[in-house]
Amino acid sequence: MFLVLRAEVEDALEGALSALDFPTDDLGIEEPPEDVESVLASSVAFRLAGEAGAPPPQVAGQIADEIDVDELTYVSAVQTEGPYLNFLPSDAYLAETLETATDEDYGELEDREESVVVEHTSANPTGPVHVGRARNPIIGDAVANLLEYAGYDVERHYYVNDAGRQMAVFTWAYETFDEDDLEDDPERDRIEYDLVRYYRTGNAFLENGPDEEVAEAEAEIESIMQGLEEGDDETYERVSEVVDQVLSGMKACLERLPAEFDEFVKETRFMRNGDTDDLVARLKDLDEAVYEEDAWQLDLEDHGIDKNLVFLRSDGTSLYATRDLAHHEWKFDNYDRAVTVLGEDHKLQARQLNTTLELLGNDTDQLEQVIFSWVNLPGGLGMSTREGTGVDLDDLLDEAIDRARQEVEDRLDDRIRDDDLDAEDIERIAHQVGIGAVRYDIVAKQPTKAITFEWDQALDFEAQSAPYVQYVHARCCGILEESAAQRAAEDASGQSPRAAGLDPETDLAGQGLDLESVDAGVLETEAERDLLETIARFPAVIEEAADDLEPHRIATFTREFADRFNAFYRECPVLSDDVDPAVRDARLALVAASKHTVANALDVLGVEAPRSM
RNA sequence: GGGCACGUAGCUCAGUCCGGAUUAGAGCGUCGGACUUCUAAUCCGACGGUCGUGGGUUCAAAUCCCAUCGUGCCCGCCA
């Protein structure tokens, strides 16, 4: 509804400005501070003061006079406050917001009939997913959800680096060493924890082993890479045995978040189908192509990139970057847009990729990157799979769930709501809260900022965390369930004509509450109106966050929303006996609207919305 | 050395792209309050900030420009 209101205000303002012969290129539309009654404002009078030869407040007055409020649907009045123009919402604005928000899909924008492939995580299949990498699936999943809500047709891809030197090393190590050669037991009973030991042992051997044996190993690794390059089936099978096993374990870990994918795209696919060879041929034809030190490279200096892009090694094998170019052209063929979530260490490669794709004649406007900074351990220590440093995501999630479970149990005695949580409920809540807290903590921050990982901070269940927002959802459900129970009781005693209760799992249409007869006009308190205005903004927040690929804005919204809801909860009883029935119904609709808003906002973030907690 | 990002209360962060509403917002922590009333994982109040620093542009700068300092990342025939 906010989007419609904004369009209406823009039209009205533009009309008024041109009627007064003022320029309309900058309408100065902004959102007013919290203590101002209006939902939209304009500071355009500041800029027009010089031209008008009058002080800004006077100009604002002129403009306000020029706008005929009677012609507007969602604006009830245009007021000036000094130089500012304030647009106040009409009853129709609030009524329609209440009505549309009681729909379960509230916040989902119209289908744009545009496909987007979101590639994220794409961690090399070398071992367990650690916390340093966890930012990628958490942000990536949220970006994909966000685009889906914004009306795009989204596919989620994990690009599997199964052709690089790392995998050749891994394959060699896996085939060469035995269980006896490995120093430690697996840290966890899952395949990637088992196999990563070979990878670590192999890398240590290559670094410190006897020269002669290392040379032999290198020869073997080289032959694996050559085999892959030539499309040799046997080599592919050998490497796949390692890749598929490790990947299956990583997949299981990511599913705990859950971060799920529509497709795991292997880079060997673009070697085996000939795309990489074709691409290399086309790259060689570019003006920027140079042959230096026996390797084919692209000199991108004229395009602002100092570092050459090597696309064919002196031994004739392709590189990750080469195959990624083929990969991206494939994306362009199959999707309207492509979004990639990358760590900041890949920034330069992303620029090279972009520039090269453009040189190859692609329209790179359809390619966007979301860059995030690294997660470090306290003391500035990094996380590495090869070296085995870092916190495993599995451990973080286990710890989060344990702490959440403890929290639920500690609070059990103090609960007022008589819904008797059983063991299964406790486990459910522990999972929803624990994992939700981890995801929220990461997705709520601007990805460009570096994060230092600290247990207590990541697992803080207090305000500004997932549980804070989840609690609002549980409160909504509590009220709706309670109302259902009350109505059922009334009906049983013949006091109420309404038989159906309200099921918080579904929307209100078709339930006992007759939305047609709900009158938003009875919502008169500031708390109610503030809440409704916040609900009204949700679709606009989705749109803006999606345009900029910034899911953290949804998290910011959930906090503002939770604040507003808690104010409403404190000041406006819904089910008390002394509440007028019309007010009660309107407030129930408001609670239902709140529930859908917060549930869907959390859904975008990939955080579950508990019915009780 | 060069490139890119980040620097806002003791701590963790919004706000910065698109400059505007006499006191720059939250949370944590500290201190003090609120559960006979739809769940207190909540709420109310107090304390706490030269928005890294210095210039500039502007009627107006946390926000734009320049410089500078600090931190992170990158500058491989690795991925």
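Convention: sequence-line order gives letters A, B, ...; per-chain numbering from 1. These figures come from a predicted structure and were not determined experimentally.
At B/A40, one or more side-chain N or O atoms of A/Arg475 fall inside 4.0 Å of OP1 or OP2 (strictly under the cut-off). Close to B/A79, at under 4.0 Å from its OP1 or OP2, lies no side-chain N or O of A/Tyr159. Here A/Lys449 reaches the OP1 or OP2 of B/A14: one of its side-chain N or O atoms lies under 4.0 Å away. Regarding contacts with the backbone of B/C78, a side-chain N or O of A/Arg313 is found under 4.0 angstrom from either OP1 or OP2. OP1 or OP2 of B/C43 has not a single side-chain nitrogen or oxygen of A/Arg570 nearer than 4.0 Å.
The stretch residues 122-133 of chain A comes close to RNA chain B through A/Asn124, each having a heavy atom under 4.0 Å from the strand.
Among the protein residues, A/Asp548 comes within range of the nucleic acid bases, having at least one heavy atom under 4.0 Å from a base atom. Using a 4.0 Å heavy-atom distance criterion, A/Gln470 is classed as making no nucleic acid contact. As judged by a 4.0 angstrom heavy-atom cut-off over every strand, A/Asn86 is placed among the base-contacting residues.
Each of B/A41, B/G76, B/U42 was ranked by its minimum atom distance to the side chain of A/Asn566; first place goes to B/U42.
Using atom C1' as the reference point in both B/C17 and B/U23, the two lie 27 Å apart (nearest Å).
Applying the Watson-Crick and G-U wobble criteria (two distances, each under 3.5 Å), B/U71 pairs with B/A5.
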